[in-house]
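In the text below, chain A, chain B and the rest are named by the order of the sequence lines, each starting its count at 1.
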Amino acid sequence: MQEKYLPSEIERAAQAQWAASQAYRASDASDRPKYYCLSMFPYPSGKLHMGHVRNYTIGDVLARYHAMRGYNVMQPMGWDAFGLPAENAAIANNVPPAAWTYANIDHMRTQLQALGFAIDWSRELATCKPDYYRWEQWLFTRLFEKGVIYKKMATVNWDPVDATVLANEQVIDGRGWRSGARVEKRDIPMYFFRITQYADELLSGLDNLPGWPERVKTMQANWIGKSVGVRLAFPYELDGHKDTLWVFTTRADTLMGVTFVAVAAEHPLATRAAETNPALAAFIAECKQGSVAEADMATMEKKGMDTGLKVTHPLTGESIPVWVGNYVLMSYGEGAVMAVPAHDERDFGFAQKYGLPIKQVIDHVAIVDARKALATGKNGDQPLTSQDIEKLENFLRTNKYSTDRWHDGYDTKLGICINSGKYDGLGYEAAVDAIAADLAAKALGEKKTQFRLRDWGISRQRYWGCPIPIVHCDTCGDVPVPENQLPVILPEDVVPDGSGNPLNKRADFVNCACPKCGQPARRETDTMDTFVESSWYYARYACPDADAMLDTRANRWLPVDQYIGGIEHAILHLLYARFFHKLMRDEGLVSSDEPFQHLLTQGMVIADTYYREAADGKKTWFNPADVELRDGVATCKTDGQPVTVGGTEKMSKSKNNGVDPQALIDQYGADTARLFTMFAAPPEQSLEWSDAGVEGAHRFLKRLWKAAFDHLQERGSVTAYMSGDSGNLSDETKALRRQLHQTIQKVGDDIERRKQFNTAIAANMELINALAKLEGDDAATRSVRQEVLEAVTAMLAPIVPHISEALHVELKPGAELKPGTAMTWPAVDETALVQDEIELMLQVNGKLRGQIRVSATADKVAIEAAALASESAQKYLEGQPPKKVVVVPGRLVNIVV
RNA sequence: GCCGGGAUGGCGGAAUCGGUAGACGCAGCGGAUUCAAAAUCCGCCGCUGGUAACAGUGUGGGGGUUCGAGUCCCCCUCCCGGCACCA
């Protein structure tokens, strides 16, 4: 055995052996239980970044652990290869996106292989290849014919100078990123997936996902945003024609407090009013400037203008003014809202600004004053809980929006109706029911379930994406491309220039014959949202060579047992993939209802930032690798001049704070990179980069290597100690065995259930520290040492596979090593865990005041007696009997004096 | 703005079901080894007071529940992720 730990040597050898033996090829026909472990595939941006290393190491740990547990593991890898960055690179470097993308894939594959991931490379796929996207096109045509995909107008960001549609990312402070022109909203025809048809199932399906983090399920539920409310009508008369303005509200109980209604700038009523009102037309035009991003819409100043039109209150017959509000979204509900300034914060602000009346119709104070509601439920609904009361009291005490005694500024349903005629005294539910019934009787409203979720628009006016398989024919209309003409191949030799979609200029692509009538027709040049490709790739891995979208192998592998990826995908990607799975199910392609059984959302990798600011305010960012820190002063290594310390932020190109994993692998080896990323933080938290921490991880691997070397050096390997072996173990050796088997228990639980690898590693470090302290060279001690080393290398194998396998071979020279399969997870020896005496904490009034030792089998009475008899207890009792004694078996005794 | 999450020593983090706060690692300090250094090994290490034993205090801030709160409840501050055309 080599005395020195030489990572590059053992890693090269191990990886060569894994490749030669196809060690990680998943069997489609195994009778062992399957474990499909999937990490979100990367966008081939150029180089691997630390976020990738973290993501794929987490997946690899779980994959290798389950392999050691006897599962038939599949861990595939592929490339989310279509996307905007390739077009940006094309504009900057004058290379076709395809060439750029394929070069990146080749480089990044090499990097992934250098990290030693147990990936089945035979299943590799890239979404930009026709043999992948042809099936996406095939499904598109089927869904189009079924009506699940349809065409309608939708609003996009329009750059009037570059004459191109901009992504939200390309709109900076309301202007186009390249032209600097003020961005406008423009309506264009687009294809949509009818995801709202599946809204209820996407919501209720969350209940069948116990393996998903609660926060992700909550975010998805809120995104889908199911709300039960009332759709109601405000009748009006315009130019002698009778019509109605519909609104949706979840607060029909406040209907008697409506003082105006507000419509979106795009609302037909606003358009009508603007025809004869130039000031209003100008205001509507102003509303149509700026980006379509909802975050921008929601943070801009609330503005409005009176249309001069009036509608009639459906119950009171009052005349209500109609305003245009820039905060009303045309895409939600009816594009119009009833405004109740007394009980809605936004309406309140708007009414204040424009001097509109405010009418209180809910009394919250009454409920707090009358605490009887707690007992009797007299608010008309459920009795209030003490938590409701506390919340309400706090809210009344702390609200900041009040301009007078009763305005609350919050939207809370805890209250009773006042100033509402026949509805006075009713609580939320009772009032909504009564008002909905009265509206229904007049045919002016009904209860309605509304979703916040909108249909998924997938048309992109971009080149580097999957072509939408539609042909536009003057006589036949939009005709889906028939199956025998698929795929519609995207030409790969195109270099976009940033002004519009270059496919429009390719006559050979655009001009075609109508599949129906044979007449000359035009091919659709829009491509699909890249989220479409990433919505079904997990299924294609099961059968990457199938001559169909999916074959029977899909159901063998699906659902994915463990999915791992960034928290930033909590809503969009994961919701679209769930939706697509249901689409494929309804097409008979898969039989399960959900694609991902367990989900792990990994945190970001962050690092310090350093910069220098020029006179004009422009910042130059320095990479942490080029910065030296001494006594809190940061200097640039190349010129020795100081740099300013910025915040700790997500590793990014723009802040130049990325750490290149390649340099790390070159210097310390893949195992150190893997160990550090798993040790520095639990997977779901953000991980702060630290060069010193990497040193520490490397040091531990050297210690582990040396521990094995020292053990083997003197007399070679021995048979590991097993329960029931003869030979007297010293107390110290027994204690070490107990620690070992406690650790085996803990590490298995940490990896499998808790997915907290940092504590699993720490437990192994403690074990190696304890082993270093164990003295003695008799046969029994040596066999326990062998047992510990074999177990530690096995427990660390999922995390640092190269060194673990190398040590495994040294420790067991006779054993033939089949990579990835020869090592099995160590078993817990229950007899090693038994303890005669245990230590309990002794508290007096909840403060730690000492310890007591009791027999492991002592009952509560015996423990209490021992506690009271102890010196520490006597000291604090001062002869008085205790008020109370709390005994928590196995933990502590608390004496209250 | 809305939805979700987070805040614990000098730093990354641990404390799994309300029960010893600070495991493990990094940095630092002291020592051994060395001609010297690197590497390695041993010891100390929340804060305040004390030679020490020990006492007090301490998990972003304020309040509450409990024998007992980092953990549960209410309010607040700051930071991060998402907001439908970045992926």
Separation between the [atom1] atoms of [N] and [M], rounded to whole Å:
N	M	atom1	value
B/G70	B/G81	C1'	24 Å
B/U16	B/U66	P	23 Å
B/C2	B/C11	P	33 Å
B/G30	B/G18	P	44 Å
B/G46	B/U59	C1'	11 Å
B/G10	B/C44	C1'	16 Å
B/A39	B/C29	P	14 Å
B/A23	B/C78	P	33 Å

Write down the distance between [atom1] ([X]) and [atom2] ([N]), rounded to a whole number of angstrom.
X	N	atom1	atom2	value
A/M219	B/G5	CE	P	7 Å
A/L575	B/A84	CG	P	14 Å
A/E568	B/G82	CD	P	6 Å
A/L701	B/A39	CG	P	17 Å
A/K883	B/G68	NZ	P	11 Å
A/I567	B/G6	CD1	P	10 Å
A/F350	B/G1	CZ	C1'	16 Å
A/Y576	B/G82	OH	P	15 Å

_Among A/Y198, A/W456, A/W536, A/Y538, ring pair (Phe, Tyr, Trp, His ring centres under 6.0 Å) partner for A/Y576_ =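 The option that passes is A/W456.
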Please work out which of the three classes, parallel, tilted or perpendicular, describes the rings of [Y] and [X], given edges at 30° and 60°.
X	Y	value
A/Y563	A/Y537	tilted
A/H52	A/Y56	parallel
A/F193	A/F579	perpendicular

*Is it true that A/E301 and A/K353 make a salt bridge, defined as a side-chain N closer than 4.0 Å to a carboxylate O?*
yes
*Which label fits B/C45, syn or anti, where anti is any glycosidic angle not within 90° of 0?*
anti
*Using the glycosidic torsion, which applies to B/G5: syn (within 90° of 0) or anti (everything else)?*
anti
*Out of B/U40, B/A87, B/A84, whichever nucleotide has its closest atom nearest the side chain of A/R452*: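 The answer is B/A84, which lies nearest to the side chain.
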Select base, sugar-phosphate, or nothing to describe what [X] touches, counting heavy atoms under 4.0 Å on all strands.
X	answer
A/M40	nothing
A/F700	nothing
A/V156	base
A/K302	nothing
A/R460	base
A/L84	sugar-phosphate
A/M190	base
A/A293	sugar-phosphate
A/H569	base
A/I895	nothing
A/T299	base
A/A680	sugar-phosphate
A/S459	base

Pairs under 3.5 angstrom, nitrogen or oxygen only, protein versus nucleotides 69-71 of chain B, please.
none

*Would you name the heavy atoms of A/E864 and A/V887 that are closest together and state the gap between them?*
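Distance-wise, the nearest heavy atoms are CB-CG2, 4.2 Å.
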_If you compare all heavy atoms of A/L675 against all heavy atoms of A/A697, which two are closest, and at what distance to 0.1 Å?_
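That closest heavy-atom pairing would be CD2-O, 3.4 Å.
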*side chain to side chain donor-acceptor pair (under 3.5 Å) partners of A/R578, counting only residues at least two apart*: A/Q220, A/E594
*For atom NZ of A/K706, is the number of surrounding heavy atoms from other residues, nucleotides or ligands below 6.0 Å larger than 12?*
no
*asked:* Counting only heavy atoms not in A/K303 (residues, nucleotides, ligands), do more than 12 fall under 6.0 Å from its NZ?
replied: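 Open.
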*Kindly write out the residues that satisfy side-chain contact (heavy atoms from CB on, under 4.5 Å) with A/Q450, not counting sequence neighbours, or none if the list is empty.*
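Here the qualifying residues are A/S227, A/F248, A/Y332, A/K448.
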*For RNA chain B, the dot-bracket pattern of Watson-Crick and G-U pairs whose distances stay under 3.5 Å, | for other-strand partners*: (((((((..(((......[....))).(((((.......))))).((((....))))..(((((..]....))))))))))))....
_Looking at A/N845, I'd like to know whether one of its side-chain N or O atoms comes within less than 4.0 Å of OP1 or OP2 on B/G68._
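False: A/N845 side-chain N/O out of range (4.0 Å or more) of B/G68 OP1/OP2.
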*asked:* Would you say A/S686 places a side-chain N or O within less than 4.0 Å of OP1 or OP2 belonging to B/C80?
replied: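 Looking at the OP1 and OP2 atoms of B/C80, neither is under 4.0 Å from any side-chain N or O of A/S686.
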*Between A/E695 and A/V216, who's closer to the 5' end of RNA chain B by nearest nucleotide?*
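Closer to the 5' end of RNA chain B: A/V216.
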*Heavy-atom check, side chain of A/T196 versus side chain of A/F451, under 4.5 Å*: no
*From CA spacing to verdict: side-chain contact (heavy atoms from CB on, under 4.5 Å), A/M300, A/Y327*: CA-CA 8 Å; A/M300 68 190 174; A/Y327 67 96; over 6 Å; no
_side-chain hydrogen bond (donor to acceptor under 3.5 Å, both in side chains) contacts in which one or both residues fall within residues 692-702 of chain A, not counting sequence neighbours_ = A/Y668-A/E695, A/T672-A/H698
_Intermediate values then yes/no, side-chain hydrogen bond (donor to acceptor under 3.5 Å, both in side chains), A/D296 and A/S291_ = CA-CA 7 Å; A/D296 294 335; A/S291 97; 2.5 Å; yes
*What string of B, S and - do you get for nucleotides 14-25 of chain B, 5' to 3', if B is base contact, S is sugar-phosphate-only contact and - is no contact with any protein heavy atom under 4.0 Å?*
SSB--BB--BBS
